[in-house]
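Note sheet for the following structure.
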Amino acid sequence: MKNTPHVILTDIKKIYKGAGSSDVAAVNGVSLEIPHGQFLSIMGPSGSGKSTLLHIIGGLTTPTEGSVAIDGTLLNGMSDRKLTRFRRKNIGVVFQAFNLISTLTAEENIMLPILAGYQEIDATKLQRGLDELLERLQLTNRRRHYPDALSGGEQQRVAIARALLLDFASDNHGSLLLADEPTGNLDSANGEIICKLLRQLCDERHHTMVVVTHEPAVAAWTDRIVTLKDGAILSDHPNTKPGT
Ligand SMILES: Nc1ncnc2c1ncn2[C@@H]1O[C@H](COP(=O)(O)OP(=O)(O)O)[C@@H](O)[C@H]1O
Ligand SMILES: [Mg+2]
């Protein structure tokens, strides 16, 4: 399946119905192919459709028109149950909101989704994955701190670690990971720690990564920059020297 693109979007439209004639075309005719292992950023002004497009790629929002294929599987017409199962297995999403639990330490917060979930995962691998992820996100000496003793940047890094731990500890390769403004409201030092980790995940594990951002400093880490305007692709450029 590696010779077909990881993601194929064909003529995607998402129309939100308003009162009378006030419909909003959040995405208005987007076709896009994302090869396996590519780190792609989606840029554009607020309201240009970035989040909607990311959610459509992740199967979290159904397009009004057009088709979405992930790794050769067409998401259109899948039942909700099937789609949920497909998403859990094939797509990782890094949401922006921290929502850390104040009565749990940093590492307990990171472990929570796994401990609360159904995933069968080897305890040794999990511990090793956790340790390495904490190290890469420079959280090792913060692991036993509670959220209110962490800076905003550290809290956001904990939230990122929480979103990535399952994938990380599973030694997954070639996953599809989506992130909506993962460095939103962070200073450049914190943003760089996160971008570096995402870049490493692409390079070492051949993950395909799609990141929505309005920050050129984040896009600079990616292989390709797609810019949206009014729900359509305004430009689509390769970035030949990511991370420099
Ligand atoms: N659930 C929704 N209902 C109605 N309109 C929406 C909804 N989600 C997004 N929109 C509208 O679609 C447009 C694109 O939104 P969005 O994808 O969030 O843009 P971005 O992430 O680039 O800021 C905006 O005009 C927004 O108001
Ligand atoms: Mg958005």
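As the structure lists them, so they are numbered: ligands from 1, and atoms in each ligand from 1.
Looking at Arg142, its side chain never comes within 3.5 Å of a backbone N or O of Ala149 through a donor-acceptor pair. Arg136 places no side-chain N or O within donor-acceptor distance of the main-chain N or O of Leu197, the cut-off being under 3.5 Å. Although no hydrogens or angles enter the test, the distance criterion places no donor-acceptor pair under 3.5 Å between the side chain of Thr52 and the main chain of Ala26. Judged by distance alone, with hydrogens and angles left aside, the side-chain atoms of Asn90 form no donor-acceptor pair with the main-chain N or O of Leu176 at under 3.5 Å. Distance alone, capped at 3.5 Å, places no donor-acceptor pair between the Glu65 side chain and the Asp11 backbone. Formation of a donor-acceptor pair under 3.5 Å by the Arg157 side chain with backbone atoms of Gln138 is found in this model.
Every atom of ligand 1 is numbered from 1 in the order shown, and the set under 4.0 Å from a heavy atom of Thr52 is 15 (O), 16 (P), 17 (O). The atoms of ligand 1 that sit less than 4.0 Å from any heavy atom of Pro45 are 22 (O).
Note on ligand 1: Gly44 sits outside its first shell, no heavy atom being nearer than 4.0 Å. Heavy-atom separations between Ala25 and ligand 1 are all 4.0 Å or longer.
Taking atom 25 (O) of ligand 1 as the reference point, the nearest protein heavy-atom neighbour is Val24 CG1, 3.8 Å. Considering only non-hydrogen protein atoms, atom 8 (N) of ligand 1 sits nearest to Tyr16 CE1, 3.4 Å. For atom 20 (P) of ligand 1, the nearest non-hydrogen atom of the protein is Gly47 N, 3.5 Å. Of all protein heavy atoms, the one lying nearest to atom 19 (O) of ligand 1 is Gly49 N, 3.2 Å.
Among the atoms of Ser51, an N, O or S atom is found under 2.8 Å from the Mg ion (ligand 2).
Counting protein heavy atoms under 4.0 angstrom from atom 17 (O) of ligand 1 gives one or more. For atom 13 (C) of ligand 1, the nearest protein heavy atom lies under 4.0 Å away.
Among the candidates Ser41, Ser235, Ser48, the single residue satisfying the side-chain hydrogen bond (donor to acceptor under 3.5 Å, both in side chains) test with Thr227 is Ser235.
Asp180 and Ser51 share a donor-acceptor pair across their side chains, judged by distance under 3.5 Å alone.
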